[in-house]
2 protein chains.
Amino acid sequence: MMPARIRLRTGRPRATMLTSMSTSLHHRAVEHLGTRIVGGALPTGHVMLAEHLEDELKVSRSVVREAVRVLQSLGLVETIKRVGIRVLPAHRWNPFDPLVIRWRLAGDGRGAQLRSLAELRSAVEPVAAELAAGNAPESLRQELVGISLAMKEAGDAGDMARFLDLDIRFHALVLSGSGNEMFANLIGQVTETLTGRTVHGLMPEHPQKQALQWHMDVAHAIDAGDGSVARDAAAKIMRQTIAELAPSWNDQPRVFVPVAKN
Amino acid sequence: MMPARIRLRTGRPRATMLTSMSTSLHHRAVEHLGTRIVGGALPTGHVMLAEHLEDELKVSRSVVREAVRVLQSLGLVETIKRVGIRVLPAHRWNPFDPLVIRWRLAGDGRGAQLRSLAELRSAVEPVAAELAAGNAPESLRQELVGISLAMKEAGDAGDMARFLDLDIRFHALVLSGSGNEMFANLIGQVTETLTGRTVHGLMPEHPQKQALQWHMDVAHAIDAGDGSVARDAAAKIMRQTIAELAPSWNDQPRVFVPVAKN
DNA sequence: TGACACCGATGTGTGCTGACATCAAAACTC
DNA sequence: GAGTTTTGATGTCAGCACACATCGGTGTCA
């Protein structure tokens with residue numbers, strides 16, 4: 001016989017979520033808090049109470065707590081007993097986390113974030129090209145050569161949409177071909193900067209003839225296993241890219257992270 | 001009148017936590033699962049049930065769920081309704097997260113992780129030095145010069161402990177002085193590789209005379225605002241560092257992250 | 001009277017649990 | 001085979017017990 005199920009609580013239908021987002025409550029909570037912290041709406045040192053967040057987000061403690069735990073792992077907040085949830089200074093944030101990058105790109109820090117990413121690219125891609133020349137599998141080298149030729153075609157024809165697609169794949173293949181998983185992980189961010197550059201009209205009407213040649217140089221050097229040539233050609237691409245983009249962030253102030261005392 | 005508070009449950013005293021660790025249950029759970037996943041004990045595609053983890057870790061659902069949420073944000077697992085918690089392939093992990101790096105360094109992936117970090121350093125530090133020459137605040141430039149001189153002293157005197165401390169601070173200052181928060185965030189990882197190099201006896205008895213000179217070159221070039229000289233000197237340091245360390249990871253296989261189709 | 005150490009009250013994160021809600025895989029029906 | 005129902009896992013909620021840092025009061029001593 002089935003014991004009668006005791007119904008302790010009515011289990012009200014819970015408002016049926018008027019804002020019928022497809023995403024989960026957890027996702028929404030992380031997103032809400034992350035954007036507000038990174039965007040500066042919640043300044044460094046600001047203390048929140050879990051209970052207050054429940055009211056603000058209209059969710060239960062579980063959701064708030066799980067979201068706070070995630071933000072904690074990103075370095076955005078810390079929890080202190082008897083005090084609350086405190087917003088940490090920006091230099092404690094994990095600047096490599098995709099979420100943090102996305103939130104910065106969406107807010108005031110957009111310029112500074114793009115500069116950081118561009119500088120990171122300018123550092124990494126030449127070394128990635130050099131490593132790819134030594135390590136990349138044969139099929140990848142050949143695809144790279146093919147793409148560099150297709151880029152020239154698309155560039156000469158003025159087909160910028162196709163050029164962008166090829167450009168993205170080109171740089172993704174170089175990063176992947178390095179055999180370094182940290183480099184490969186930057187593919188997403190590089191893609192973001194490349195698309196952003198065209199979307200925001202920072203791309204020249206036609207790709208520079210030089211840039212097309214440099215891409216082919218990189219591809220052929222990787223194919224030939226010539227690391228230093230690949231590196232130098234990639235460095236040239238990066239220098240030109242930085243030069244093109246620099247005006248858009250020249251006014252952004254630089255922040256100097258304090259070095260922990262020994 | 002106060003309504004009588006209905007006591008739904010006795011709330012038993014909860015076993016008083018025999019394993020009286022100083023760390024929180026949440027921390028322990030994240031650590032336990034993270035090390036086992038990154039260490040390979042839980043292979044890609046392995047599916048766990050939350051309830052099973054409760055039993056295994058002897059913790060409640062809240063702790064398991066919060067830990068899983070954090071691991072999810074690191075890209076180590078995904079949760080699927082009606083299926084469970086699935087371990088994701090390594091190329092989905094966030095290779096820049098300090099936790100992931102630490103877990104890899106602690107397990108079989110140690111060699112590959114050190115290579116990745118060293119290659120990242122070799123890419124970033126020259127560019128960081130170049131940027132520092134243009135951006136670093138005056139006080140930082142001067143400290144850098146002072147440290148490079150002290151490094152020479154310590155090196156000539158054979159005081160390797162002091163040399164290591166100075167070396168760490170030197171590279172931290174260069175990264176910080178770049179004014180790029182992503183570069184600055186690598187300070188921790190660079191410190192790890194530097195200490196690891198000496199701890200594991202991969203460091204020469206006396207620092208190379210050339211290396212000492214290169215450090216001074218970097219410092220003076222940054223102080224003088226000469227970016228390209230700083231970059232080239234830093235690149236020389238990196239080349240030598242890589243050459244010293246390479247034997248320790250030459251047998252590690254490289255992994256090539258698949259590039260998403262367009 | 002004033003400075004300081006102690007100690008209890010208070011409040012907030014941490015952790016545990018039962019009860020649903022939801023949704024997709026799997027089983028079932030036609 | 002297509003559509004429907006069942007099932008079983010995560011998702012969410014709410015209440016309680018506990019640990020512990022902080023604050024403020026109290027007592028002691030100078």
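Convention: sequence-line order gives letters A, B, ...; per-chain numbering from 1.
- Note: CZ (A/R65) to C1' (C/dC16) measures 10 Å, nearest angstrom.
- In this structure, CG on A/L194 lies 11.0 Å from CG on A/D165, to the nearest 0.5 angstrom.
- Between the CG atom of B/L49 and the C1' atom of D/dG11 there is a distance of 15 Å, given to the nearest Å.
- Following rounding to the nearest Å, B/L57 (CG) and C/dC16 (P) show an atom-to-atom distance of 11 Å.
- Comparing A/E51 and B/V59, the nucleotide of DNA chain C nearest to each residue sits closer to the 5' end for A/E51.
- Distance from the side chain of A/A50 is smallest to C/dG13 among C/dG13, D/dT12, C/dG15.
- Rounded to whole Å, the distance from CG on A/L53 to P on D/dA14 is 15 Å.
- Computed from coordinates, the B/E66 CD to D/dG11 C1' distance equals 14 Å when rounded to whole Å.
- Closest heavy-atom contact between B/L166 and B/I147: O-CG2, 3.6 Å.
- Proximity note for B/S62 (side chain, C-beta onward) versus C/dC16, D/dT10, D/dC13: the nearest is C/dC16.
- Atoms CD (A/E54) and P (D/dG15) sit 11 Å apart, rounded to a whole Å.
- In this structure, B/L25 places its CG atom 11 Å from P of C/dT14, rounding to the nearest Å.
- Residue B/H52 contributes atom NE2, which lies 17 Å from atom C1' of D/dT10 at whole-angstrom precision.
- Atom CZ of B/R61 sits about 13.5 Å away from atom CG of B/L53, to the nearest 0.5 Å.
- Neither OP1 nor OP2 of D/dT10 sits under 4.0 Å from any side-chain N or O of B/R69.
- When all heavy atoms of A/A29 and A/A67 are compared, the pair lying nearest together is CB-CB, 3.8 Å.
- A donor N or O paired with an acceptor N or O is found under 3.5 Å between the base of C/dG15 and the side-chain atoms of A/R61.
- Taking every heavy atom of residues 72-89 of chain A and every atom of DNA chain D, pairs under 4.0 Å involve A/K81, A/R82, by number.
- For D/dT12, the OP1/OP2 oxygens have no side-chain nitrogen or oxygen of A/S60 closer than 4.0 Å.
- In this view, A/A172 and A/I187, B/V259 satisfy the side-chain contact (heavy atoms from CB on, under 4.5 Å) rule, not counting sequence neighbours.
- Using a 4.0 Å cut-off between charged nitrogen and carboxylate oxygen, A/R254 and A/E119 count as a salt-bridge pair.
- Within 6.0 Å of the CD atom in B/E51, the count of heavy atoms belonging to other residues, nucleotides or ligands does not exceed 12.
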